[in-house]
Amino acid sequence: MRFGHFDDARREYVITTPRTPLPWINYLGSEDFFSLVSNTGGGYSFYRDARLRRLTRYRYNNSPLDMDGHRIYINDGGTIWNPGWQPAKTELDSYTCRHGLGYTILQGEKNGIAAAQELFVPRGDACEIDRLTLENKTAAPRTLDVFSYVEFCLWDAMDDSSNFQRNFSTGEVEVVESAIYHKTEYRERRDHYAVFWANAPVTSFDTSRDAFCGVYGGPAAPEAVKAGHCSNSIAHGWAPVGAHHFHLTLAPGEKKSIIFGLGYIENPVGEKFSAPGIINKARAEAMMARYATDAQVDAARRALADYWQELLSGWQLTSGEEKLDRMVSLWNQYQCMVTFNMSRSASYYESGTGRGMGFRDSCQDLLGFVHMIPSRARERILDIAATQFADGSSYHQYQPLTKKGNSDVGSGFNDDPLWLIACTAAYLRETGDWSILDEPVAFDNDVTRAQPLMEHLRRSFRNTHTHLGPLGLPLIGRADWNDCLNLNCFSSEPGESFQTTGPSEGPVAESVFIAGMFVKYGREYAELCDHLHLTEEAASARTAIDAVEQATLTAGWDGAWFRRAYDAFGAPVGSRECDEGQIFIEPQGMCVMAGIGRETGQAEAALKSVEERLDTPYGVVLLQPAYTTYRLNLGEISSYPPGYKENAGIFCHNNPWISCAEAVLGHGDRAFAVYKKTCPAYLEEISEIHRTEPYVYSQMVAGRDAPTFGAKNSWLTGTAAWTFVNISQYILGIQPTLDGLRVDPCIPHTLASYAVTRRYRGAVYHIRVENPHAVQKGVQSVTVNGAPIAGTLLPLAKAGENVEVVVTMG
Ligand code: BGC
Ligand code: NOJ
């Protein structure tokens with residue numbers, strides 16, 4: 001069952017009922033100011049950091065769900081409704097929600113009044129614009145009371161939701177005409193405030209939640225909305241809110257718009273006040289003047305559309321397979337932008353207070369984003385590298401606002417350093433910008449210890465190489481990619497962190513997955529050394545890699561698949577010797593992607609085992625058999641009930657690894673079959689079971705051991721980046737290399753042809769792939785601008801050039 005449809009021409013997903021199985025959201029903003037908005041107008045806003053600079057409140061885990069948001073109420077002669085249905089939940093005569101590229105439009109109609117709420121964050125400005133357009137579709141004049149409503153967060157979202165003894169006394173606002181200023185803590189150390197404005201004179205306003213909602217009222221039926229007017233309340237402490245009220249009349253057929261804005265303003269410390277206790281509003285006034293008219297808002301919308309048009313034009317696919325085209329050309333790349341911006345911090349499943357930016361997460365997100373805006377990728381790589389310690393290990397997370405590592409989690413996740421090599425190498429393949437390796441970068445944010453980025457990569461490589469265990473495989477530390485496989489943790493107290501309990505330096509527990517990474521990314525590192533003429537370093541790196549590869553093929557091999565790990569007692573994990581957890585997905589994907597066992601047949605065998613033991617119609621589960629009891633020696637993985645999350649759920653992030661691995665072995669049919677299983681557009685028809693948005697990937701889908709089905713944790717997942725890498729590079733075969741673009745597809749034999757437009761190092765390649773013999777792999781000939789070339793590596797074109805490429809498979 002569907003709850004809407006794709007509108008490919010407008011690049012939107014159109015939701016046609018507010019009763020989606022879960023809130024289906026969109027992200028507004030792409031640089032500093034961000035808003036989450038659901039299909040019923042729920043959500044919240046923040047500036048840069050969802051924890052430290054939260055503008056509006058959001059209550060997770062509430063019942064009913066999704067009550068806080070960007071609200072508009074209409075009181076039409078006692079009938080109270082919202083254009084997005086929530087929170088009043090009055091039945092609407094018609095409803096649609098259009099989630100588009102950086103904007104959302106909620107359209108509701110009731111008793112002949114149509115209301116459209118258009119939300120977006122303009123390019124280059126720290127605000128959200130909400131334009132409300134009302135239309136009287138009847139033959140009689142209509143008088144309405146229209147209200148806006150947001151509830152302010154007192155900036156630090158953690159503190160805001162816990163430190164009530166202080167916070168109930170600190171809230172402060174100022175009101176000037178239609179502008180409501182939220183200035184809590186501005187009197188002391190903050191240099192920023194929020195402004196919630198409207199472009200027309202208000203009839204009344206409120207800034208106290210008690211006054212607007214009523215102490216025992218709530219957003220579903222605020223007292224002020226019921227009464228038809230606000231009480232011009234000024235909040236002192238308690239809960240500051242912003243609400244505008246307009247009493248207006250619409251003539252028959254008349255349309256009227258009101259533009260609302262929610263802005264974030266920062267003032268230099270010396271310019272904070274215009275008079276004692278009065279905030280300096282000059283920057284806010286300038287911001288309001290930029291969006292005072294419909295023409296200005298239209299222009300800002302156009303600028304946003306142009307921005308996305310330009311971004312997406314760098315990678316476009318026409319294959320005749322509608323679902324594939326829309327995922328590759330649009331939604332997958334859009335999600336990559338969102339994961340690049342958010343890492344795992346703020347979604348409807350990540351509260352924005354728990355994690356900042358993940359080291360490994362952000363590195364992997366870059367793999368799917370780097371082609372879009374390489375300059376931002378460059379900046380991000382340098383930020384991430386600056387949180388590395390001098391020994392090559394790294395903080396596992398950092399806060400985007402301060403760019404400093406989070407010491408509560410610390411370091412010791414032994415896969416982290418290698419992901420830095422992965423994303424830097426991807427950046428170099430995309431851009432050829434070797435200067436990045438010379439950039440001085442701090443260690444642990446200490447600039448006095450800055451070293452060139454290349455030295456950071458060297459230490460990443462060495463950190464793994466010098467932390468091998470008894471079998472010659474890398475030590476796992478607190479965890480590798482699988483945060484829940486905690487082999488050195490031994491936590492028995494409820495509430496203890498699985499990851500940080502126990503020593504990270506476990507001298508025995510080893511990871512076959514990190515071994516696969518070391519071979520794959522170690523080789524990429526050695527290639528960088530080759531390029532820099534560091535011949536001896538490249539050779540010694542390769543010697544170290546070969547040894548780990550051998551250890552993987554022997555100690556890491558279980559007979560028909562790669563083992564997962566060795567625990568702190570040296571016992572295998574992911575082996576037929578185990579009673580549960582006999583086979584895991586991660587090492588099969590990563591080791592085969594690294595090419596391990598390709599010549600010996602072990603790679604083929606491993607993928608066969610995956611198909612036999614882990615495959616389901618909706619994706620490949622993480623492990624089998626699921627753990628049915630908690631295991632002290634394995635940690636969090638066994639804390640989940642069977643079939644959920646890392647305990648045998650379909651963890652979407654590593655499904656593309658299997659698809660990539662199949663492509664490495666030339667199995668195009670199987671690679672694409674695996675791709676389709678988790679691809680949201682292909683699951684649209686079962687939205688009532690899948691439950692999360694059909695336009696983006698979710699972190700996990702309950703596995704076959706789970707009693708209840710469905711996906712969870714949509715949007716912020718490494719699945720977005722890895723799927724884009726998989727489909728664009730491994731399957732469709734458009735591969736950036738250090739020396740230029742290579743085309744080497746591995747496709748389903750049924751795909752007869754496709755065309756890709758790919759911007760690369762400033763030139764635009766128009767690539768047509770023909771598959772006349774219905775093969776899965778193999779290139780017979782390539783022509784560039786009509787002339788044949790030898791091999792599959794396209795000659796580098798000059799920036800600005802258009803290149804016509806025809807690739808014939810066979
Ligand atoms: C989740 C993991 C996540 C980790 C982060 C765990 O509870 O299952 O998916 O990576 O928390 O700390
Ligand atoms: C989600 C985390 O963000 C990611 O870092 C981790 O690799 C996976 N969960 C698997 O545990």
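Note that the numbering runs from 1 along the sequence shown for the chain. First listed ligand is number 1; within each ligand, the first listed atom is number 1.
Classification of the F672-Y675 ring pair by plane angle, with boundaries at 30° and 60°, yields parallel.
In this structure, R48 fails the cation-pi test against F33, since its NZ or CZ atom is not both closer than 6.0 Å to the six-membered ring centre and inside 45 degrees of the ring normal.
D483 and R360 are joined by a salt bridge, as a carboxylate oxygen and a charged side-chain nitrogen come within less than 4.0 angstrom of each other. Between E549 and R523 there is a salt bridge, since at least one side-chain N of the basic residue sits less than 4.0 Å from a carboxylate O of the acidic one. For the pair R564 and D480, the salt-bridge criterion is met [side-chain N within less than 4.0 Å of a carboxylate O]. Salt bridge D615/K677: present, at least one basic N to carboxylate O contact under 4.0 Å. In summary, D160 and R57 engage in a salt bridge, as defined by a charged side-chain N under 4.0 Å from a carboxylate O. Between E580 and R631 there is a salt bridge, since a side-chain N of the basic residue sits under 4.0 Å from a carboxylate O of the acidic one. A salt bridge links E662 to R670: one of the charged nitrogens lies within less than 4.0 Å of a carboxylate oxygen.
At the shortest separation from atom 11 (O) of ligand 2 among protein heavy atoms lies E646 OE2, 2.5 Å. Of the protein's non-hydrogen atoms, W481 O, 3.2 Å is the one closest to atom 6 (C) of ligand 2. Here the protein heavy atom with the shortest distance to atom 1 (C) of ligand 2 is Q699 NE2, 3.4 Å. Looking only at protein heavy atoms, the nearest one to atom 4 (C) of ligand 2 is D361 OD1, 3.2 Å.
With ligand atoms numbered from 1 in the order given, ligand 2 contributes 11 (O) to contacts under 4.0 Å with heavy atoms of N482. Of all atoms in ligand 2, listed by their number and element, those nearer than 4.0 Å to a heavy atom of R344 are 3 (O).
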For residues 570-578, tabulate all N or O donor-acceptor pairs below 3.5 Å that involve a side-chain atom, not counting sequence neighbours.
| residue | atom | partner | partner atom | Å |
| --- | --- | --- | --- | --- |
| S575 | OG | D558 | OD1 | 2.7 |
| S575 | OG | E577 | N | 2.9 |
| E577 | OE2 | R563 | NH2 | 3.2 |

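H653 does not count as a contact of ligand 2, since none of its heavy atoms falls under 4.0 Å from the ligand. Under a 4.0 angstrom heavy-atom cut-off, K645 registers as lying outside contact with ligand 2.
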Ligand 1 N/O to protein N/O, distances under 3.5 Å:
| residue | atom | partner | partner atom | Å |
| --- | --- | --- | --- | --- |
| ligand 1 | 7 (O) | E636 | OE2 | 2.4 |
| ligand 1 | 7 (O) | Y640 | OH | 2.9 |
| ligand 1 | 8 (O) | Y640 | OH | 2.6 |
| ligand 1 | 8 (O) | K645 | NZ | 3.2 |
| ligand 1 | 8 (O) | E646 | OE1 | 3.0 |
| ligand 1 | 8 (O) | E646 | OE2 | 3.4 |
| ligand 1 | 9 (O) | K645 | NZ | 3.2 |
| ligand 1 | 9 (O) | E646 | OE2 | 2.7 |
| ligand 1 | 9 (O) | Q699 | NE2 | 3.4 |
| ligand 1 | 10 (O) | D483 | OD2 | 2.5 |

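Residue-level proximity to ligand 2 for D483 is carried by backbone and side chain together, each with a heavy atom below 4.0 angstrom.
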